[in-house]
Amino acid sequence: MKIISKDEIITNEQLLMTAMKNSDISVLDYLLHDELIFTNHMGQVLTKEMDLDAHRSGSLRIHDIQTSEQVIHLMEDVAIVAVKKYISGKYNDEAFAGTFRFTRIWKMFDDDWKIIAVSSVLLQ
């Protein structure tokens, strides 16, 4: 089994944030597992395609993401990330800004990290 490091997860988290800000569908498609389950801060359960479609259609535009309080736990081929993020942007042409707590689960598949689950909570 490949030895994993927190640095790999930190790099992937940064790649994810850049892809979200730029609505980079190809990078998001690569990082998100096809069977992703994303429970957003409104309690909705979204799929990978639903998440990608929000970026693809332009209904979601992220202007700024600031990260704080990141905790990473490694367990064999799984990484659990708990992180606090300030995010601002537009959703369906309405401005939004808030601080969210995310829990993301990354799993290694054939030497590639994929996000298999995400949960978010709006803090303010």
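Numbers for residues simply follow the sequence, beginning at 1. Computed from a predicted model, the values in this text were never measured in an experiment.
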Is there side-chain contact between [X] and [Y], with heavy atoms separated by less than 4.5 Å?
X     : Y      : result
Ile9  : Lys6   : no
Met50 : Gln44  : no
Leu46 : Asn40  : yes
Tyr30 : Asp112 : yes
Phe38 : Ser120 : yes

Check the angle between the aromatic planes of His41 and Phe100 and answer parallel, tilted or perpendicular using the 30° and 60° thresholds.
->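 Perpendicular, since the angle between the ring planes exceeds 60°.
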
Basic-acidic side-chain contact under 4.0 Å: Glu49, Arg56 =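 Arg56 and Glu49: salt-bridged.
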
From [X] atom [atom1] to [Y] atom [atom2], the distance as rounded to the nearest 0.5 Å:
X      : Y      : atom1 : atom2 : answer
Lys90  : Ile62  : NZ    : CD1   : 14.0 Å
Asp53  : Ile25  : CG    : CD1   : 8.0 Å
Asn22  : Thr18  : CG    : OG1   : 6.5 Å
Glu13  : Ile72  : CD    : CD1   : 6.5 Å
Ser88  : Gln66  : OG    : CD    : 8.0 Å
Thr103 : Ile105 : OG1   : CD1   : 8.0 Å

Taking all non-hydrogen atoms of both residues into account, name the closest pair between [X] and [Y] and its distance.
X      : Y      : answer
Ser23  : His55  : OG-ND1, 3.0 Å
Lys107 : Val78  : CG-CG2, 4.3 Å
Ile115 : Leu16  : CD1-CD2, 3.6 Å
Met20  : Leu28  : CG-CD2, 4.0 Å
Leu74  : Ser5   : CD1-C, 3.8 Å
Ala79  : Trp113 : N-CZ3, 4.0 Å

Given the rule in the side-chain hydrogen bond (donor to acceptor under 3.5 Å, both in side chains) test, do Lys84 and Ser68 qualify, once you have shown the distances and angles that lead to the verdict?
-> CA-CA 5 Å; Lys84 191 174 177 181; Ser68 62; 5.2 Å; no

Any chance you could lay out the side chain to side chain contact (heavy atoms under 4.5 Å, CB included) test for Lys114 and Lys48, step after step, and finish with the verdict?
-> CA-CA 11 Å; Lys114 303 287 183 185; Lys48 173 182 177 174; over 6 Å; no

Please report the C-alpha distance between Trp106 and Glu8 in whole Å, then the side-chain angles of each, then the deciding distance to 0.1 Å, and finally whether the side-chain hydrogen bond (donor to acceptor under 3.5 Å, both in side chains) criterion is met.
-> CA-CA 11 Å; Trp106 293 82; Glu8 290 177 76; over 6 Å; no

Determine, stepwise, if the pair Asn12 / Gln14 fulfils side-chain hydrogen bond (donor to acceptor under 3.5 Å, both in side chains).
-> CA-CA 5 Å; Asn12 281 326; Gln14 291 168 342; over 6 Å; no

Within a radius of less than 6.0 Å around CZ of Phe109, do more than 12 heavy atoms belonging to other residues, nucleotides or ligands occur?
->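 Count over threshold, so yes.
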
Answer yes or no: does atom CD of Glu94 have more than 12 heavy-atom neighbours from other residues, nucleotides or ligands under 6.0 Å?
-> no

Side chain to side chain contact (heavy atoms under 4.5 Å, CB included) between Lys85 and Val83, worked out = CA-CA 6 Å; Lys85 303 238 180 227; Val83 63; 3.8 Å; yes

Test Ile37 against Ile116 for side chain to side chain contact (heavy atoms under 4.5 Å, CB included), laying out the working first.
-> CA-CA 6 Å; Ile37 296 175; Ile116 60 173; over 6 Å; no

State yes or no: do Ile65 and Phe102 share one hydrophobic cluster built from I, L, V, M, F, W and Y residues joined by side-chain heavy-atom distances below 4.5 Å, directly or via other members?
->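 Looking at the clustering, Phe102 is in the same group as Ile65.
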
Trace of the side chain to side chain contact (heavy atoms under 4.5 Å, CB included) decision for Thr39 with Val118 | CA-CA 6 Å; Thr39 305; Val118 180; over 6 Å; no

